[in-house]
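Structure first, then comments.
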Amino acid sequence: MVNIADRYGDVQEYYFSQKLQEAAKLNATGKSIINLGIGSPDMAPPRQAVEALCTAAQHASAHGYQSYKGTPALRQAFSDWYAAYYAVSLDPETEVLPLMGSKEGITYISNAYLNAGDEVLVPNPGYPAYAAATKVAGGVVRHYDLREETGWLPDLEDLQQQDLSKVKLMWVNYPHMPTGAKATKTALALLVDFAERHDILLCHDNPYSFILNDKPESILSVKGVSAHVLELNSLSKSHNMAGWRVGVLFGHPQHISNVLVAKSNVDSGMFLGIQQAAIEALRQPQDWFDELNARYAERRELVWQLMDMLGCRYSTAQAGLFVWGRAPEGVEVGQLVDQLLYEAGIFITPGFIFGSNGQRYIRVSLCANTTQLQTALERIKAFKNTKIKTT
Ligand SMILES: Cc1ncc(COP(=O)(O)O)c(C=O)c1O
């Protein structure tokens with residue numbers, strides 16, 4: 001057997017890739033698993049986006065390879081979106097790079113900047129792709145702690161005491177996944193200042209700012225694009241387009257060119273119909289977000305009930321597509337998650353997959369409709385009466 005390359009030796013198969021296979025096996029035996037694990041929006045994208053895709057697909061000229069950096073019209077639409085919703089001004093020609101999802105951006109940024117042994121500050125808990133991309137690119141992951149007591153914000157005082165001389169990149173993500181914590185503009189400004197003082201490239205991953213969040217913030221509103229800041233964004237959550245794979249990177253023209261070197265050697269541009277659909281999505285007025293959030297708010301009420309039933313403690317001020325709750329003392333989270341899957345037919349995510357600081361927590365997705373959530377509540381009621389084991 002030919003072995004997998006060493007660079008993947010320390011990188012596990014993505015948790016959901018494994019767990020969804022288990023759920024699929026259970027479904028094949030007749031169980032109907034309610035998936036509250038994953039943040040894949042279940043509602044439709046804007047109608048105009050779907051129409052633009054269909055229209056484009058009918059033209060023979062739409063099917064060829066596309067520019068590596070997207071059409072000028074798409075870059076302009078991203079720039080207009082940032083001006084309208086984040087009050088950030090960006091040059092569509094040089095400061096905007098459309099991506100096929102922000103996840104690929106995490107990989108391209110890592111590949112573009114990391115030499116063997118370069119260190120990367122990665123949040124614990126945080127999105128697992130930051131650590132995976134770092135390792136695959138040959139970098140060294142240095143987790144930094146996020147804790148409930150400090151609002152899940154980095155302790156910059158503590159970091160400053162450490163030797164940061166080998167740190168090249170730092171990942172931050174607010175509203176934060178999985179905790180739903182928000183960062184004020186002041187907190188974002190402190191991060192930019194920290195990055196400048198330590199000559200670190202600060203990468204802000206910002207896909208959740210429109211979900212259950214009154215005031216979307218961009219880290220680029222602190223000082224605009226600069227040598228020390230990049231921002232990723234995405235239409236996956238804000239426009240229900242996760243499967244379409246539309247993301248974007250914003251930054252200084254030199255950084256955009258550097259990341260383009262990594263990207264253009266892997267993919268060959270985004271299908272024109274998807275780009276035209278993305279333009280329509282980006283033109284949606286505030287009503288789009290208001291309606292989306294009304295639905296999520298309704299669901300969140302039910303997820304709060306679910307958390308209450310399980311005895312979990314949670315903040316009602318969280319933003320984003322999930323509710324993050326602390327399991328009751330004595331309940332072993334891995335066991336609870338497996339019991340819910342195998343005995344109650346509900347898939348939720350254990351907090352430990354996001355890092356050791358998540359190990360007492362669970363994460364429940366809002367990407368299920370109210371009927372499914374009501375069923376989940378009934379199943380949990382039945383399950384809870386008999387099953388929750390404590391250590
Ligand atoms: C924090 C965070 N960043 C990035 C992504 C990837 O989003 P995209 O669909 O744009 O690749 C996710 C997806 O769940 C996420 O939670």
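Note that the structure is a prediction, hence the values are computed from the model and not measured. Numbers for residues simply follow the sequence, beginning at 1. Note that ligands are numbered from 1 as they come in the structure, with each ligand's atoms numbered from 1 the same way.
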| request: State plainly whether the residues E343 and R379 are in salt-bridge range, i.e. N to O under 4.0 Å. | output: no
| Counting only heavy atoms, which portion of S102 has something under 4.0 Å from ligand 1: side chain, backbone, both, or neither? | both
| Proximity to ligand 1 by part of M177, non-hydrogen separation under 4.0 Å | side chain
| task | Pull out every atom of ligand 1 sitting under 4.0 Å from any heavy atom of G101, numbered as shown with elements. | result | 10 (O), 11 (O)
| Contact atoms of ligand 1, heavy-atom distance to S236 under 4.0 Å | 8 (P), 9 (O), 10 (O)
| Going by heavy atoms, is H176 under 4.0 Å from ligand 1? | no
| What pairs with Y108 under ring-ring contact (aromatic ring centres under 6.0 Å, His included), at least two apart in sequence or on another chain? | none
| query | Do any N/O atoms on Y208 end up under 3.5 angstrom from N/O atoms on ligand 1? | reply | yes
| message | Would the distance check show the side chain of H176 and the main-chain N or O of P125 forming a donor-acceptor pair, the cut-off being under 3.5 Å? | response | yes
| field | H198 (side chain) donor-acceptor with S165 (main chain) under 3.5 angstrom | value | no
| query | Which ligand 1 atoms are under 4.0 Å away from a heavy-atom of S234? | reply | 8 (P), 10 (O)
| query | Any idea which atoms of ligand 1 are less than 4.0 Å away from a heavy-atom of P207? | reply | 2 (C), 3 (N)
| request: Determine whether the side chain, the backbone, both or neither of Y130 has a heavy atom under 4.0 Å from any heavy atom of ligand 1. | output: side chain
| said: Quick check on contacts: which atoms of ligand 1 are under 4.0 angstrom from a heavy atom of N173? | reply: 1 (C)
| request: Report, in ascending order of atom number, the atoms of ligand 1 lying under 4.0 Å from any heavy atom of R245. | output: 8 (P), 9 (O), 11 (O)
| Where do S234 and P207 come nearest, in terms of heavy atoms and distance? | CB-CB, 4.1 Å
| query | Hey, is the main chain of V120 close enough, under 3.5 Å, to the side chain of T134 for a donor-acceptor pair? | reply | no
| Taking the non-hydrogen atoms of E104, is any one of them nearer than 4.0 angstrom to ligand 1? | no
| query | Does any pair with a residue in residues 33-58 pass salt bridge (Lys or Arg N to Asp or Glu O under 4.0 Å), and if so which ones, sequence neighbours excluded? | reply | D42-R299, R47-E51
| task | Give the numbers and elements of all ligand 1 atoms closer than 4.0 Å to a heavy atom of K237. | result | 13 (C), 14 (O)
| Side-chain touch I256/K69, heavy atoms, less than 4.5 angstrom | no
| said: Below 4.0 Å from ligand 1: does a non-hydrogen atom of G39 turn up there or not? | reply: no
| said: If we count only N and O atoms by modelled type, under 3.5 Å, do the side chains of H228 and E196 hold a donor and an acceptor together? | reply: no
